[in-house]
Amino acid sequence: MENELEIKIDDEFAKKVYDEIWDKYQKTAQTKAFTKITLAEDELKITDSKVMGLPYVPIGKKIPETSNGNEMFLVAQINCENLRGLKDFPKKGILQFFVANDNLMGLDLGQTVQNGFRVIYHEEIGKFYNTEKLKDIYNTQKFEEYGVTEDNQSYKMNFKLQIEKERFEDFFEDIFDKICEEKSLDPAQELKLYEKLQNLIDYSDDYHSQCEGFPYFTQEDPRKYEEKYKKYDTLLFQLDSEHDKTKGKWKVCIGDAGVINFFINREKLKNKDFSEILYNWDCS
């Protein structure tokens, strides 16, 4: 067995370990189907998939409120016909994501009870408030300070079914501790090796809004260190910050160019039960 007396953590050793991890990645990395979401400035109907804007509200229903009675705002709405092709996801109805109108957008780390956020599924699209009535009961200008788009502009979400492979950097993080254990490295050696490997990794910049697939974080996956969160095994919806280079403005900006994630347990998803959700957002 290798030990600290036999191992010199130099560039040559780091490259050898990198190649070993890369080989494992090529042979064992997972792939998943997902819908990639792109945003467009387009005319919007009440029942369309959108970021921000006027939500679908059935006649007789109200805009969701926080536990303190404060009105939430719509971050995103998905017409589930756009999710056809995604296994276990609803194929009809409307799925909505509301968050609290405060500086943390309702985030309470470790909290899955929907006090500061709300995920609502309308299985059937029935009679709903029209645009004029919605403007009376839902004033988007109230959310200018904490909304996720510039001037609370609403964007249509377009969906494209694709296949993606687990990102190498995520695969690396998952396997690094095991590699170190196999090589009997001490903590100092692990740190030195980790730093050298970081210089070799070509980090992906293909991040996007999506449903299903592999999530992206600017910080860390909140499910990584808490056993109770591991049951939230499916990425229900991810909204990533997006900058429009041609217009020189942000379409979506989460905090300091961050990302929002909503996770659900797969069995709950199959049963169209959206009562237990892990909500997280972070930024750099």
Side-chain angles (χ1 to χ4, degrees), residues 29-39 49-51 75-91 93-99 105-107 109-112 114 117-121 148 157-174 203-242 252 254-255 257-283:
Q30 301 178 65
T31 58
K32 288 183 180 180
F34 76 107
T35 54
K36 182 177 181 179
I37 298 170
T38 54
L39 306 181
S49 295
K50 64 186 75 171
V51 171
V75 168
Q77 172 176 289
I78 297 173
N79 187 313
C80 296
E81 289 188 2
N82 297 138
L83 301 178
R84 293 183 181 276
L86 280 187
K87 185 179 179 181
D88 301 326
F89 278 66
K91 305 299 186 291
I94 287 179
L95 189 59
Q96 298 173 315
F97 302 85
F98 289 87
V99 300
M105 292 191 295
L107 183 64
L109 293 175
Q111 180 62 262
T112 57
Q114 298 186 33
F117 73 97
R118 196 73 47 79
V119 176
I120 300 174
Y121 176 54
V148 298
M157 293 197 292
N158 296 313
F159 296 72
K160 185 176 181 181
L161 187 64
Q162 297 185 3
I163 301 293
E164 69 175 347
K165 190 173 184 177
E166 182 179 6
R167 296 180 187 89
F168 176 70
E169 56 264 35
D170 295 333
F171 182 89
F172 162 78
E173 292 290 346
D174 289 340
Y203 281 85
S204 170
D205 60 0
D206 185 21
Y207 305 126
H208 35 254
S209 301
Q210 64 190 82
C211 292
E212 254 285 38
F214 297 98
Y216 155 66
F217 308 92
T218 61
Q219 302 293 332
E220 285 192 299
D221 187 338
R223 303 168 299 171
K224 186 174 181 179
Y225 302 109
E226 291 280 354
E227 188 66 32
K228 63 183 178 180
Y229 297 149
K230 291 182 179 178
K231 68 178 182 179
Y232 300 96
D233 53 6
T234 300
L235 178 61
L236 180 62
F237 174 61
Q238 173 172 286
L239 181 63
D240 191 22
S241 294
E242 183 176 331
V252 172
I254 314 298
V259 60
I260 294 176
N261 314 99
F262 294 89
F263 297 97
I264 190 171
N265 173 264
R266 196 74 184 191
E267 289 304 312
K268 294 279 189 180
L269 176 62
K270 290 178 183 178
N271 294 323
K272 300 182 181 65
D273 179 357
F274 299 92
S275 60
E276 289 187 50
I277 300 290
L278 179 61
Y279 161 54
N280 182 73
W281 71 268
D282 58 27
C283 60

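Between L83 and T35 the shortest side-chain heavy-atom distance falls below 4.5 Å. Between D174 and E166 the shortest side-chain heavy-atom distance falls below 4.5 Å. Using a 4.5 Å heavy-atom threshold, the side chains of V119 and L95 count as touching. The closest side-chain heavy-atom distance from N280 to F217 is below 4.5 Å. Contact of the D240 side chain with the Q210 side chain is not registered, since no non-hydrogen atoms from C-beta on lie closer than 4.5 Å. The shortest side-chain heavy-atom distance between I37 and N158 does not fall under the 4.5 Å cut-off. Using a 4.5 Å cut-off on side-chain heavy atoms (C-beta onward), D233 and F263 make no contact. Between F274 and P90, some side-chain heavy-atom pair lies under the 4.5 Å cut-off.
Y121 and Q96 share no side-chain donor-acceptor pair at under 3.5 Å.
The main-chain N or O of L86 is found under 3.5 Å from a side-chain atom of K91 such that the two form a donor-acceptor pair. Between the S241 side chain and the G258 main chain, a donor and an acceptor come within less than 3.5 Å of each other.
Taking a 6.0 Å sphere around NZ of K160, one finds it holds 12 or fewer heavy atoms contributed by other residues, nucleotides or ligands.
Using the six-membered ring where Trp is involved, F171 and F168 have ring planes that are parallel, under 30° apart on the 30 and 60° scheme. In this structure, F34 and H208 have parallel ring planes: the angle between them is below the 30° cut-off, well short of the 60° mark. Relative ring orientation between Y279 and F117 is described as tilted, the plane-to-plane angle lying within the 30° to 60° band.
Remark: K87 does not engage E212 in a salt bridge, criterion side-chain N to carboxylate O under 4.0 Å. Between K272 and E267 there is no salt bridge, since none of the side-chain N atoms of the basic residue sits less than 4.0 Å from a carboxylate O of the acidic one.
A pairwise comparison of heavy atoms in L269 and D88 identifies CG-O, 3.4 Å as the closest pair. Contact record, I254 with C283: O-CB, 3.8 Å, taken as the closest heavy-atom pair. Heavy atoms only, all atoms of each residue included: W281 and G255 are closest at CZ3-CA, 4.0 Å. For R84 against E81, the heavy-atom pair with the smallest separation is CG-O, 3.3 Å. In plain terms, the two heavy atoms of Y216 and Q238 that are nearest each other are N-OE1, 2.9 Å. Pairing each heavy atom of N261 with each of P215, the nearest pair is ND2-CB, 4.2 Å.
Considering CZ of F97 and CD1 of I120, their distance stands at 10.5 Å, rounded to 0.5 Å. Residue F172 holds its CZ atom at 6.5 Å from OH of Y203, rounded to the nearest 0.5 Å. With rounding to the nearest 0.5 Å, the separation of CG in L278 from OH in Y229 is 7.0 Å. Going from atom CD of Q77 over to atom NZ of K50 covers 5.0 Å, rounded to the nearest 0.5 Å. To the nearest 0.5 angstrom, K268 atom NZ is 4.0 Å from D273 atom CG. The NZ atom of K224 lies 9.0 Å from the CG atom of D170; values are rounded to the nearest 0.5 Å.
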For this session: Begin with the C-alpha distance, continue with both residues' side-chain angles, and end with the deciding distance and a verdict on side chain to side chain donor-acceptor pair (under 3.5 Å) for S204 and D206.
Result: CA-CA 6 Å; S204 170; D206 185 21; 5.5 Å; no
For this session: Just do the side-chain contact (heavy atoms from CB on, under 4.5 Å) check on I78 and I94 with the steps written out, would you?
Result: CA-CA 6 Å; I78 297 173; I94 287 179; over 6 Å; no
Problem set entry | Verdict with supporting geometry, K231 and E276, salt bridge (charged side-chain N to carboxylate O under 4.0 Å, His left out) | CA-CA 10 Å; K231 68 178 182 179; E276 289 187 50; 3.1 Å; yes
For this session: Could you walk me through whether T38 and M157 pass side-chain contact (heavy atoms from CB on, under 4.5 Å), step by step?
Result: CA-CA 6 Å; T38 54; M157 293 197 292; over 6 Å; no
For this session: Starting from the C-alpha separation in whole Å, work towards a yes-or-no answer on side chain to side chain donor-acceptor pair (under 3.5 Å) for N82 and S49.
Result: CA-CA 8 Å; N82 297 138; S49 295; 2.5 Å; yes
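For the pair R167 and F214, the cation-pi criterion (under 6.0 Å, within 45° of the ring axis) is not fulfilled.
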